[in-house]
Structure formats: structure tokens, C-alpha cells
Amino acid sequence: MTKDLIDILQLSREEIDELIATAGDIIEHPDVYAHKCDGKKLATLFYEPSTRTRLSFESAMIELGGSVIGFSSATDSSVSKGESVADTARTVECFADIIAMRHPKEGAPYVAASNVDIPVVNAGDGGHNHPTQTLTDLLTISREKGRLDQLVVGCCGDLKFGRTVHSLIAAMSRYEGVKFVLISPEELKIPEHVRTEILDKGHIEYEETDSLENAMPNLDVLYMTRVQRERFFNEADYLRLKDTYILTPDKLTYAKYDLSILHPLPRVNEISVEIDKDPRACYFKQVRYGKYIRMALMLKLLGVD
Ligand code: NCD
């Protein structure tokens, strides 16, 4: 296990399986874990908006008996005075045992990690990676489907800027018999580096389409995503593309009865609220799982038994 978690591929399949098993045990026996991090402090350094990720990290540490410090926007810290990520991280290291960092610039959590001795977890860096969302997604899929292999996984929406999709494809490519159906408009297809470095290199089966309807009947998992407005260079393009896919009950007519619908959230328009009561909708359960897997991850990174 590395000191930090910056990229999901730093974890082996065995380590991921172990985290999923620990999360399962925490769900079953929360009392056993309630004091595991007594006296430990998590610092959440969020330079970009967040609801679920920050609050689930914080709840995770509190439920392990530890406490939390940090900031939820760059304007609330000395960053607004021009402090570097390295200096902020070195300062926070004097107060905390572990850092969770979200930043609009790709690579910022890596810079922080290289400058401190305590573990740093990437809580989302620009359009790049989001490894703890992927751990959340893997726990959700494994609990809903009972496996992480032999699955047809549809990823739909903004596959270009959606960092959660990049990390999910990297992680799931390591399981046997996983096939991806990549559903997006032409302008929002997955980046070349994901295609060549992950899919082509790993000889992973995938197809690309712009039709959610055509893809639907074959899917075991449908991973919906929001069009990432904040990463667009021009608002007109965002407005043109934002409602390309809206999952409505009629689109589920030809879906498998045991399809699992995931979404990292926040949702804007891409899943109609009518879907929320469909038993195949997993996205709020997914939020709950996010806390348990972050508890398991922090125990591991802090070296707590
Ligand atoms: C995602 C993110 O921040 O990348 N949200 C999250 O962490 N659950 C997805 C998004 O913002 O669209």
C-alpha cells in the first residue's frame, strides 16, 4: 500500500477487495469501529465545491472516533493570499494525521502528497481522477450485483471531463469479462489517454455510441454523469450539450430488470426524479456506501488494525 491515494491504480485488485470487505464489516458491526481513530484528525482541503465527498470524508472520520479540520472553499484560506499547495499542505501536516484534498488543477493532490509525510487522498483533481468516488462505485456495484467481473457497464454523458468515469474505467478494466459501452455525444467522448493507456493497452472490450436507447438492453450497470459545466471553455457549448441525455422511465422499458443505475451526483437534469422510486436506482444508496468505503480507506492509510 502506498502512503497516499492519488490514482485508483495505486491500489491492487487485492487491496480493493480488502477495502470492500472492510466496508462490509463496518456496515455489519459499526460499534467495533467507533473508536478506531480516537485522537486522529482528518483535514479536508477543498478548493472546489463539494457536498457528498467532503461530508462523507468528514462523517467517516467522525464515525471512527476522530475529528475534522479544514476548509471548504479556497476563498476561506490563505490560498486567497497566494499560498502554494505545497506550503498549505506542509502547514496542515503540523495539525492533522491525514489530508483529503480536492482541487481544480490536475495533479495538485500529488504535489501536496510529495511535500508531506502524512497520507494525502485525492478527492478529485480537475477533469483527471477521483479515486474515492471509484471505491464508492465499486462497493456499490459489488453489493448490488454480487460481483465486479462479467458485467456490461454503460457510462453515459460527459466522458471527456467526468473524472469519476476515468477512474471507474481504469479500476473496472482489471476485472475479467467487463465490457464498456461509452455513450456520449461526439464532443464529450473519453479522452485519448484513457482509450490508449487503459482500454487499448488492456485489450478491454468497448464500444462507443451516441444512443442511450440502443445501448440500454445490454447493460448490467448504467453510470450516468452530469455535463461538467465548470470545465467548458465556452458556455454556448455547455448549453448545447447539457441535456443530451435525460434518463426517463420510458427509456428503461428495454432495460434489464436487474440493471443498476449509478450516478456520482450531483444530478442536474440527466436523471428524471421519476426514476428515483424505481428499484434499479442506486444513486442514493451509493452516497451511503461512500462513507463506509472512506472509513475503510482511512483505516488502511493510517495503519489502524
Ligand atoms: C463528482 C465530482 O466531483 O467529480 N461528484 C462527486 O464527487 N460525487 C461528479 C460531478 O461533480 O459531476
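We count ligands from 1, going down the list as the structure has it; atoms in each ligand are counted the same way. Position 1 is the first residue of the sequence; numbering continues from there.
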So, [X] and [Y], do they make that salt bridge, N to O below 4.0 Å?
X      : Y      : result
Lys256 : Asp258 : no
Glu176 : Arg13  : yes
Arg240 : Asp237 : yes
Arg163 : Glu106 : no

Margin query: Test your reading of the structure: does Glu230 have an N or O sitting under 3.5 Å from an N or O of ligand 1?
Written below: no
Next item on the list: Say whether Pro264, considering both its backbone and side-chain N or O atoms, lies within less than 3.5 Å of an N or O atom on ligand 1.
Entry: yes
Next item on the list: Provide, to 0.1 Å, the distance between atom 3 (O) of ligand 1 and the closest protein heavy atom, together with that atom's residue and name.
Entry: Arg163 NH2, 2.9 Å
Margin query: Return the closest protein heavy atom for atom 11 (O) of ligand 1 as residue, atom name and distance.
Written below: Arg226 NH2, 2.8 Å
Notebook entry, point to check: Is the closest heavy atom of Pro266 to ligand 1 under 4.0 Å?
Noted result: yes
Item checked: ligand 1 contact by Gln228, heavy-atom criterion under 4.0 angstrom -> yes
Next item on the list: Using a 4.0 Å heavy-atom threshold (strictly under), name the region of Thr164 that reaches ligand 1: side chain, backbone, both or neither.
Entry: side chain
Item checked: Atoms in ligand 1 with a heavy atom of Leu265 nearer than 4.0 Å -> 1 (C), 5 (N), 6 (C), 8 (N), 9 (C), 10 (C)
Notebook entry, point to check: Which word best sums up how the rings of Phe232 and Phe161 line up, parallel for under 30°, tilted for 30 to 60°, or perpendicular for over 60°?
Noted result: tilted
Margin query: Show, in sequence, the C-alpha distance, side-chain angles and deciding distance for Val227 and Thr244, and conclude whether the side-chain contact (heavy atoms from CB on, under 4.5 Å) test is met.
Written below: CA-CA 9 Å; Val227 176; Thr244 313; 5.6 Å; no
